[in-house]
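Every number for a ligand or one of its atoms is a count from 1 in the order of the listing.
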Amino acid sequence: MKKWKLGLLTALLALSMTACSAKETAAPEATATPTPAAEATATPAPTPEPTATPEPTPEPIVVTETFQSLFGKYGIKAGTCLSDFMISNKKCNQIITEQFNSITFENHLKPEAVLNYQESVAAGDLVVKFNNTTLNLLEWCKENDMAVRGHTIIWHSQTPDWIFYEDFDNKKELVSRDVMLKRMESYIKQTFEELEELGYIDMFYAYDVVNEAWMEDGSMRDSLWLKTIGEDYIWQAFNFANKYAPEYIDLYYNDYNEQFKTLTLYNFVQTLVDKDGNYLIDGVGFQAHLYTEDNLETYFNTLEKIGSLGLKVCLTELDVSLGTWQNVKPGTEANLKIQGQYYYNLVNGILKRVEEGKVKMDSFTVWGFADNLSWRKERSPLFYNMLYQPKYSFYGALQMKEYAGFPEE
Ligand code: GLA
């Protein structure tokens, strides 16, 4: 190799080695964990390319209807149950007064809430005395111009046992039929008298005189009312209610699983007549604790069948749980959409039948409005979620089909 060539090669080698070692020493600096300040001064990220078609901002849903305006077009009051929590909560107040014009007390007109033990013992008769919560709820209804459904007088549940025993002492014997009939009459009479004396009676347009007395197999439910008075206890209750309730208050028999008790109810209500054959009852309350897998045609058939008797038929405690009784479904988007469709179809079918004159309905009551306040909260049965945001079911019931969860057409 010529000397100059060797010199050139050495020089190139040396150069490349310097470059290499320069790289080696520079490298750690470049990969050192940057301090936040260093990060901030790092080459700014390129501004993101604007997307070709910008995402449209979702149009806010314009809701022009409320439950009271929708049902009002058909002469039907829109109702909710009411609790002491609801009247103390601002958001609930706002929803109720905007959406509803009828109220049913969730608990505070039930037998256990209105029958006073001490006073009954002292008087030797059943004594009706409303507690402070009941009074607050009544006052709230008055202030907010609500119509009220009374719920309920004669029931097997949430009823104190002591009312059925000698001296109101459940260690003693059950009283005779005659004594129990007297107690029943006194209880019913005082219920209406008390409301009158307190100045609330005019708000009431309906009252559930008897609740849940029949079973799905057509037999009467076992209860202390049945045991002490006998099989005519329901007739007796309606007879007394007719005697003491003002004429403008409609008297109701109220029950659940109505679609499985259709014939029983159909036959039974026809026995609630006076000696001239006039009805002692004005209407049948369908509690309507339904499931998204309940068959709607069956339900409508029951409505029409009872409606054919000429009595009023009202939905009194509606909620639609996800799934079935045995198989609760989770509140997924898909299941909530199914619920939205169900509410749409249910309300649609009812309003259609009211319009056609097949059903006389003067109120449509939901057992609450927000899932978190429902007795079936784990089944997400109502119109608003826990944050009081409207669900598909809200739009469905309001007949806003495009927001009710139906597949897009
Ligand atoms: C029945 C009663 C209601 C209420 C519900 C559960 O449907 O009629 O008053 O107690 O059960 O909340």
Q.
Starting from atom 3 (C) of ligand 1, what is the nearest protein heavy atom, named by residue and atom, and what distance separates them?
A. E317 OE1, 3.3 Å

Q. Does a donor on one side chain sit under 3.5 Å from an acceptor on the other, for T332 and N335?
A. yes

Q: Considering only non-hydrogen protein atoms, determine which one is nearest to atom 12 (O) of ligand 1 and report residue, atom name and distance to 0.1 Å.
A: W367 NE1, 3.3 Å

Q: Could you tell me how the ring of H289 sits relative to the ring of W375: parallel (under 30°), tilted (30 to 60°) or perpendicular (over 60°)?
A: perpendicular

(Q) Please list the nearest protein heavy atom to atom 9 (O) of ligand 1 with its residue and the distance rounded to 0.1 Å. (A) H151 NE2, 2.5 Å

(Q) Under 4.0 Å from a heavy atom of Q158: which atoms of ligand 1 are those, numbered in the order shown and with their elements? (A) 10 (O)

**Q.** Any donor-acceptor N or O pair under 3.5 Å, side chains D217, S219
**A.** yes

Q | Numbering as shown, the atoms of ligand 1 that approach Q287 to under 4.0 Å (heavy-atom distance) | A | 1 (C), 7 (O), 8 (O)

Q: Tell me whether the centres of the aromatic rings in F383 and F67 are closer together than 6.0 Å.
A: yes

Q) With a cut-off of 4.0 Å, which atoms of ligand 1 are near a heavy atom of K110? A) 3 (C), 4 (C), 9 (O), 10 (O)

**Q.** Atoms in ligand 1 with a heavy atom of H289 nearer than 4.0 Å
**A.** 7 (O)

Q: Under 4.0 Å from a heavy atom of E212: give me the atoms of ligand 1 that qualify, with their elements.
A: 1 (C), 2 (C), 7 (O), 8 (O)

Q | Donor-acceptor pair, side chain of E119 and main chain of V128, under 3.5 angstrom | A | no

Q. Where on N211 is there a heavy atom closer than 4.0 Å to ligand 1, on the side chain, on the backbone, on both, or on neither?
A. side chain

Q. Residues in salt bridge (charged side-chain N to carboxylate O under 4.0 Å, His left out) with D250, at least two apart?
A. K312

Q. Do R379 and Y291 meet the cation-pi criteria used here (NZ or CZ under 6.0 Å from the six-membered ring centre, within 45° of the axis)?
A. no

Q: Indicate, as side chain, backbone, both or neither, the part of W155 found under 4.0 angstrom from ligand 1 when only non-hydrogen atoms are considered.
A: side chain

